[in-house]
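These notes concern the structure reproduced below.
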Amino acid sequence: MNVTVKYFAVCHEMLDRSEEEMDLPDGATVRTILQRLEEEWPEIAEFYEVMQMAVNWEYATENTELTEGDEVALIPPVTGGCDV
Amino acid sequence: MNVTVKYFAVCHEMLDRSEEEMDLPDGATVRTILQRLEEEWPEIAEFYEVMQMAVNWEYATENTELTEGDEVALIPPVTGGCDV
Amino acid sequence: MFKITTEVITGAEVREAVEGPDAGAVVLFFGTVRNNTDGRQVKHLEYESYPPMAEKKMAEIAQEVSEKWGLDRVAMIHRVGKLEIGEVSVAVAVASPHRKDAFEACKYAMDRLKQIVPIWKREVWADGEAEWVKPDAVFFDAPDMRKTPQ
Amino acid sequence: MFKITTEVITGAEVREAVEGPDAGAVVLFFGTVRNNTDGRQVKHLEYESYPPMAEKKMAEIAQEVSEKWGLDRVAMIHRVGKLEIGEVSVAVAVASPHRKDAFEACKYAMDRLKQIVPIWKREVWADGEAEWVKPDAVFFDAPDMRKTPQ
């Protein structure tokens, strides 16, 4: 199945792209995507404690199962609003 | 001595004037003005618990002494702002 | 900026008076004329004030905010005369380096305005009657004038 | 109204979205770009967002406000792209029949926006360096993604 994976802020910067299509095996979860990214960018594991994932605009866990056409996003710690 | 006395809101309405000059004896206090008004409008005494007085734009008591040219005001309960 | 006005309040007056490059948070409060009071239909409102004393008391409230929060960017404007439903009667703005303080100080300034600033409201009802509003007993904390002044 | 925009935020968008003849109190919050962070000179800021999810999360915050205070007049707008010193990055408006609720709900909405809405800030310093801002540890309460989602 095909899913779209989006990268923001520091993730966008580190991976040098803002999104990509991934062809995943049936039964794939958010974890499957992270494992692929670890091959390219091993240090990503250091972000896991503060990073979140979203599937179809909703916060998800690494065990969330994916289906064809899902939009997955890596969400670094959010810092919107003002800094006060 | 001469002082100016100002009437607002319900006081303005009851006395049917917004201000007047009063010629007061030396040693007069805010109380002197109220005594004069009681002659014309005895029910004013019922307002004393909630009403305030101001002398020269500052809240005062009935014992505040007056001097030539003072601006005295009867301040009914204030209700500015919004009602929420 | 502490002002009694007969003009329409846009909010820009108070906001511009407090903004600055070092204040990251600005909180604005607007009080508007509601179409009813306790269910009774309001036609319009009339506000009267004692302008020089009102502006002096607003400045004193700003001084209290400065003492409590260390903020010197406070602005208050109150409209007087006839106001229609939905129009702004009062606007308060506070700017602060920290948003928590801006919220607290703005609420405080508005609370104090209702307590000590000499402005009076007359409600004109849809049925043609009118009356000077008496403050809610619960919120009314002005002292008896025979005792200590505020 | 829940919106990510590249346009200048005037405040009128959010205020008009919440105003009504039965709401006597309107509280607006503006976050603006400061000229320094912890004393280091800021040249400008860049905000990036994930717009559809950001707007969805803003709507969820409004739903929380509705559940907590019974208020359904909440509007939020956040600007993205390059912002200069003094420009407004975010505006939140809440209208209420009671001012206490309006202040509390507006503060709550702003607090939640900083916690769950996917928007990121990059600071470009006067010396030319730039970095994505990490949230203050104290305020950072996003859960570990391996545990329960928020």
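Computed from heavy atoms alone, side chains included, the values below leave out hydrogens, waters and symmetry copies. Protein chains get the first letters and strands the later ones, always in sequence-line order, with residue 1 at the start of each. Since the structure is predicted, the reported quantities are computational estimates derived from the model, not experimental observations.
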Are there over 12 heavy-atom neighbours, none belonging to [X], within less than 6.0 Å of that residue's [atom1]?
X: A:Glu65; atom1: CD; value: no
X: D:Trp69; atom1: CH2; value: yes
X: D:Lys43; atom1: NZ; value: no
X: A:Asp16; atom1: CG; value: no
X: A:Glu21; atom1: CD; value: yes

Side chain, backbone, both or neither: which part of [X] has a non-hydrogen atom closer than 4.5 Å to chain A?
X: D:Glu60; value: side chain
X: D:Arg79; value: neither
X: D:Glu123; value: side chain
X: D:Lys121; value: both

Looking only at heavy atoms, what is the nearest atom pair of [X] and [Y], with distance?
X: D:Trp132; Y: A:Glu13; result: NE1-OE1, 3.1 Å
X: D:Leu113; Y: A:Gly80; result: CD2-C, 4.2 Å
X: A:Thr79; Y: D:Val133; result: CG2-O, 3.3 Å
X: A:Pro77; Y: D:Trp120; result: O-CD1, 3.2 Å
X: D:Ser89; Y: A:Gly81; result: OG-O, 3.4 Å

Fill in: Most chain A-contacting option - heavy-atom pairs closer than 4.5 Å, from D:Lys114, D:Met110, D:Arg122, D:Glu131
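When all of D:Lys114, D:Met110, D:Arg122, D:Glu131 are compared, D:Lys114 has the most.
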Discussion item. Heavy-atom pairs under 4.5 Å with chain A - which of D:Pro52, D:Ser49, D:Pro118 has more of them than the others?
Written reply: D:Pro52
Worksheet item: Are side-chain heavy atoms of D:Lys57 and A:Tyr59 found at a separation under 4.5 Å?
Response: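 Yes, close enough: below the 4.5 Å cut-off.
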Discussion item. Within the 4.5 Å heavy-atom criterion, are A:Phe8 and D:Met53 side-chain neighbours or not?
Written reply: no
Worksheet entry | Heavy-atom contact with chain D under 4.5 Å, split by part of A:Tyr7 |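 Answer is backbone: N, CA, C or O of A:Tyr7 sit under 4.5 Å from chain D.
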Item to complete: Provide the full list of ring pair (Phe, Tyr, Trp, His ring centres under 6.0 Å) pairs with a residue in residues 30-49 of chain D, sequence neighbours left out, each pair given once.
Response: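 Listed once each, the pairs are D:Tyr47-D:His78.
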